[in-house]
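First the structure, in the form of structure tokens, and then the observations on it.
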Amino acid sequence: MIDLLNEEINKFLLSYPNIADEKLNEIQKKYSSSITDNLDKGHVTTNICMIAASNLKQNPKDIATALVEWLKKTKKFEKVESAGPGFVNITLQRSDFVSIINNINQKSQKFGESDYGNNKSVQIEFVSANPTGPLHVGHGRGAAYGDAIGRILSSSGYKVEKEYYINDAGRQIDILTASVFARIYEDDFNGFFPKSAYKGTYVSEIALAFKDKNNYKLDVDKSLIENLPGDEEKEIDELILRIKNNYEKWADIKAFALDEVLNGIKTDLKSFNVTYDKWYSESSLGDIGDNESKIKKAIDSLIKTKLAYKDNGAIWLDTSRSGDDKNRVLIRDDGRATYFASDVAYHKDKIDRGFDKLINVWGADHHGYIKRIEASIEGLGFDKEKLDVQLVQFANLFKDGKKVKMSTRSGDFYSLADLINEIGTDAARFYYLSKQADQHLDFDLNLAKADSKENIFYYIQYAHARICSLIEKYNKNYGSMPKDATAIISSSYINCDKLIHEMSKYPHIVLRAAIALQPHLIIYYLKDFAQSFHSFYNDNKVLTESKENTDSIVYCLNAAKIIIANGLKLLGIEPIEKM
RNA sequence: GCGCCUGUAGCUCAGCUGGAUAGAGCAACUGCCUUCUAAGCAGUGGGUCAGGAGUUCGAAUCUCUUCAGGCGCGCCA
């Protein structure tokens, strides 16, 4: 519909006297035509006259008058008028306007898709929580967000691959292993448990499962826990060291614990309707001591470019030349690689895999980390624009007006699984996505369960369910779905016009959401659209109209149902048919 | 101190690459169920878009600055 207008505008520009090619280009690039926000401005509108006026130093209203004359002569539009400071508003011919619902009904689930992405490949890495315990509600937001932008991008013509990076190589995993170890021998150790070990009940469960699986009483040397340092961090580190060196089952416990926790995470994500194409393990990057490992090779190539250098016994990366506050350590003076070194190798590997674009979804507390990872990408000779880091702010959960705490180590937390149990996957995803990701979110559990308009989730679902119910009744009366909307095209029934106009905006909303990586735009659109529907539903009786009118309305409402369903599916939410 | 984010109605927030009288929900007040789902609809009141300066036909939106709040600045991950 907009194309129809732009085509004529371009012809108009070419016919316009005294425009240099350069100016013409500039104007064509800058102006925009769009769907009006409101029917009393017609169907589509353009700001071309204002843009042209500033470029040509002419009065916008004069240009508008000329354009209006031109457009009228084409006879392709129902009505053309200039308005305000120089907008030109167009009312489409009836059949052009109504054609949107034919389009929706025909394309059905595919309506809203585009080839904007040109089949470029995008990799989205998200959640990637340390596998040291179950996912908590803080992780839920990144999960919902990463998954939703994955869906939105693939519907916009990108080839999307979703990946989870498993941090299975660091100190946190050692602490998990030591925690499980300590629970296994809690009785032998007379109730001893390290102060900063993971205290969640899942640790005890893993310990129990490990004992069951091994099916025999494992001996342990009690001196392992004697005379440990008092400081809680030193205590756990010393314990880890002793177990590693003196206890043969260390690796078994570690592998077992990791496996258990990871399976839990996978199960939780699955029930949260989040799927991954790949689970990438940090340990697969290999050991820094191994010349053939990915991590060693990545660091070596940085050393070759002289961006990485040795100082004070450690290997540093010059990240400050790319705007970081200070340089960062890659290899510690004792020869161990830092987390950063793994991450450098990981990002090199991602780029080597040939993606056109990488999107990292990170918690907002990692924003200080962006500069240094960009620096490493540049240092390796890649374009840092390939990487797009999307920050997700924490979500504060409120229950009965009180803030719900979350912390993995203390074991006192509200898990993602708890949340799903309490309000369901769909409502949870919906509220996580209801605000721009990089802003703080207050998530009110009571609201998510409320049965009033305040609960936007149900407000939207209710619109869908109402349409489903109407269609069901229609089918019972008339047998099959109507094939067109003759009463609407002929203008004998015009009460659906606002709905149709709103529906025509949908593809633009999806595109905007894809470009800006902002799923919340879809939520706000759906809310407004549901509002329009409920209003229509209240003012109009559908099934008691004449057969011709009813046919047209149902045809139109079926399109409305498709819009809501498609929008929700982009968010990973199933539309509800009966409430 | 440096960096990032935020400041829009009493509250929670929308507001597209600058565009036509700044929007919604909640809260307050008023109406609408013998008829397709009242988890609904219609209406009223409520704003120096934190303050100031600039850019321009036009600024909540862009630039600078002041104020206020949040977060991040380990040879942790």
Side-chain angles (χ1 to χ4, degrees), chain A residues 29-30 32 34 36-38 41 45 47 50-51 53-54 57-61 83-87 89 130 132 167 169-173 175 233 282 312-316 323-326 328-334 336-343 363-371 391 393-394 434-436 438-442 444 447 450-463 465-474 477 508-509 511-513 515-516 518 520-521 523-525 527-528 530-531 533-545 550 578-579:
Chain A
K29 239 168 73 185
K30 260 185 95 179
S32 66
S34 56
T36 60
D37 36 72
N38 174 333
K41 293 173 184 163
T45 183
N47 64 358
M50 271 124 47
I51 300 295
S54 71
K57 303 268 178 284
Q58 293 181 20
N59 186 332
K61 295 206 172 189
F87 290 100
N89 295 340
N130 282 337
T132 54
N167 296 126
R171 174 170 176 259
Q172 300 302 326
I173 296 300
I175 296 177
E233 295 299 323
E282 180 185 358
N312 225 342
I315 307 233
W316 298 70
D324 200 1
D325 303 342
K326 50 172 284 194
R328 308 288 172 175
V329 171
L330 288 164
I331 313 291
R332 299 179 179 94
D333 56 8
D334 62 4
R336 282 154 51 235
T338 58
Y339 173 83
F340 177 47
S342 299
D343 229 11
D365 53 335
H366 284 65
H367 77 80
Y369 199 78
I370 297 175
K371 282 256 165 66
L391 297 177
Q393 275 289 357
F394 290 119
S434 66
K435 216 183 145 181
Q436 209 167 309
D438 64 353
Q439 287 179 34
H440 290 279
L441 171 74
D442 288 338
D444 185 338
L447 175 62
D451 52 359
S452 70
K453 184 175 179 176
E454 204 183 347
N455 185 348
I456 319 165
F457 174 65
Y458 282 112
Y459 183 74
I460 295 168
Q461 293 282 22
Y462 187 38
R466 273 180 151 177
I467 299 174
C468 288
S469 155
L470 282 176
I471 290 176
E472 195 187 312
K473 288 200 166 70
Y474 176 92
N477 290 349
H508 304 278
I509 300 290
L511 197 59
R512 267 181 56 206
I515 292 169
Q518 294 182 340
H520 79 282
L521 296 174
I523 287 188
Y524 278 91
Y525 168 80
K527 192 201 75 184
D528 288 344
Q531 162 106 273
F533 167 76
H534 285 306
S535 175
F536 170 84
Y537 183 89
N538 230 266
D539 292 345
N540 300 278
K541 291 287 169 228
V542 176
L543 300 172
T544 52
E545 283 280 342
T550 300
K578 267 199 169 62
M579 290 174 68

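Note that these values count all heavy atoms, side chains included, but never hydrogens, waters or copies made by symmetry. Letters A, B, ... are given to chains in the order of the sequence lines, protein chains preceding strands, and every chain is numbered from 1.
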Next on the checklist: If the threshold is 4.0 Å, N to carboxylate O, is there a salt bridge linking A/Asp334 and A/Arg332?
Outcome noted: no
Next on the checklist: Suppose you measure atom C1' in B/G47 against the same atom in B/U34; what distance do you get, rounded to whole Å?
Outcome noted: 44 Å
Item to check | Interatomic distance at C1', B/U8 relative to B/G69, whole Å | outcome: 16 Å
Item to check | side chain to side chain donor-acceptor pair (under 3.5 Å) involving A/Tyr458 - partner list, sequence neighbours excluded | outcome: none
Checklist entry - Within this structure, what is the CD1-to-C1' distance between A/Ile515 and B/C16, rounded to whole angstrom? => result 10 Å
Checklist entry - In whole Å, what is the span from the CG atom of A/Asp539 to the C1' atom of B/C33? => result 14 Å
Next on the checklist: Less than 4.0 angstrom between a side-chain N/O of A/Tyr459 and OP1 or OP2 of B/C41, yes or no?
Outcome noted: yes
Next on the checklist: Work out how far the C1' atom of B/G7 is from that of B/A60, and round it to whole angstrom.
Outcome noted: 11 Å
Next on the checklist: If I take atom NE2 in residue A/His520 and atom P in nucleotide B/A14, what distance separates them, rounded to the nearest angstrom?
Outcome noted: 6 Å
Checklist entry - Can you give one letter per nucleotide of nucleotides 18-27 of chain B, going 5' to 3': B for a protein heavy atom under 4.0 Å from the base, S for sugar-phosphate only, - for none? => result -BB---SSS-
Next on the checklist: Measure CD/A/Glu545 against P/B/C36 and give the value in whole Å, please.
Outcome noted: 15 Å
Checklist entry - A/Asp539: what forms a salt bridge (charged side-chain N to carboxylate O under 4.0 Å, His left out) with it, not counting sequence neighbours? => result none
Checklist entry - Syn or anti for B/C4, taking syn as within 90° of 0? => result anti
Checklist entry - Does B/C36 have OP1 or OP2 sitting under 4.0 Å from an N or O in the side chain of A/Lys473? => result no
Next on the checklist: List the residues meeting salt bridge (charged side-chain N to carboxylate O under 4.0 Å, His left out) with A/Lys578, not counting sequence neighbours, and say none if there are none.
Outcome noted: A/Glu472
Item to check | Sequence-distant partners of A/His534, side chain to side chain donor-acceptor pair (under 3.5 Å), two or more places apart | outcome: A/Arg466
Checklist entry - Could you write nucleotides 70-77 of chain B as a row of B, S and -, 5' to 3', where a protein heavy atom under 4.0 Å of any base atom gives B, of only sugar-phosphate atoms gives S, and otherwise -? => result SBSS-BSB
Item to check | Check: A/Thr132/A/Gln172 side-chain N/O donor and acceptor closer than 3.5 Å | outcome: no
Next on the checklist: Under 4.0 Å, counting only non-hydrogen atoms across every strand here, what does A/Leu521 touch: a base, just sugar-phosphate, or nothing?
Outcome noted: sugar-phosphate
Checklist outcome for this item: Stems for RNA chain B (at least 3 consecutive Watson-Crick or G-U pairs, under 3.5 Å) come to B:1-7 with B:67-73, B:10-13 with B:23-26, B:28-32 with B:40-44, B:50-54 with B:62-66
Checklist entry - If we take the P atom in both B/G3 and B/C41, what is their distance in whole Å? => result 48 Å
Next on the checklist: Under 4.0 Å, counting only non-hydrogen atoms across every strand here, what does A/Ala465 touch: a base, just sugar-phosphate, or nothing?
Outcome noted: base
Checklist entry - Between B/U17 and A/Arg512, is there an OP1 or OP2 to side-chain N/O distance shorter than 4.0 Å? => result no
Next on the checklist: Parallel, tilted or perpendicular, judged at 30° and 60°: which one describes the rings of A/Phe533 and A/Tyr537?
Outcome noted: tilted
Item to check | Distance, P atom - from B/A50 to B/G40, rounded to whole angstrom | outcome: 32 Å
Item to check | salt bridge (charged side-chain N to carboxylate O under 4.0 Å, His left out) involving A/Glu454 - partner list, sequence neighbours excluded | outcome: none
Checklist entry - What pairs with A/Asn89 under side chain to side chain donor-acceptor pair (under 3.5 Å), at least two apart in sequence or on another chain? => result A/Thr45
Next on the checklist: For the C1' atoms, the ones on B/C4 and on B/A42, what distance do you get once it is rounded to whole angstrom?
Outcome noted: 45 Å
Item to check | Span that lies between the P atom of B/G58 and that of B/A53, in whole angstrom | outcome: 16 Å
Next on the checklist: I'd like the C1' distance from B/G18 over to B/A59, given in whole Å.
Outcome noted: 6 Å
Checklist entry - How would you list, by chain and number, every residue that makes a salt bridge (charged side-chain N to carboxylate O under 4.0 Å, His left out) with A/Lys41, sequence neighbours excluded? => result A/Asp37
Checklist entry - In whole angstroms, how far is the P atom of B/G40 from the CZ atom of A/Phe457? => result 14 Å
Next on the checklist: Counting only side-chain nitrogens and oxygens, does A/Ser535 get under 4.0 Å of the OP1 or OP2 atom of B/A42?
Outcome noted: yes
Item to check | 5′-ward residue of the pair A/Ser32/A/Leu441 relative to RNA chain B | outcome: A/Leu441
Next on the checklist: Going by the rule side chain to side chain donor-acceptor pair (under 3.5 Å), which residues pair with A/Gln58 if we only count those two or more places apart in sequence or in a different chain?
Outcome noted: A/Tyr16
Under 3.5 Å, N/O pairs linking protein and nucleotides 6-9 of chain B:
none

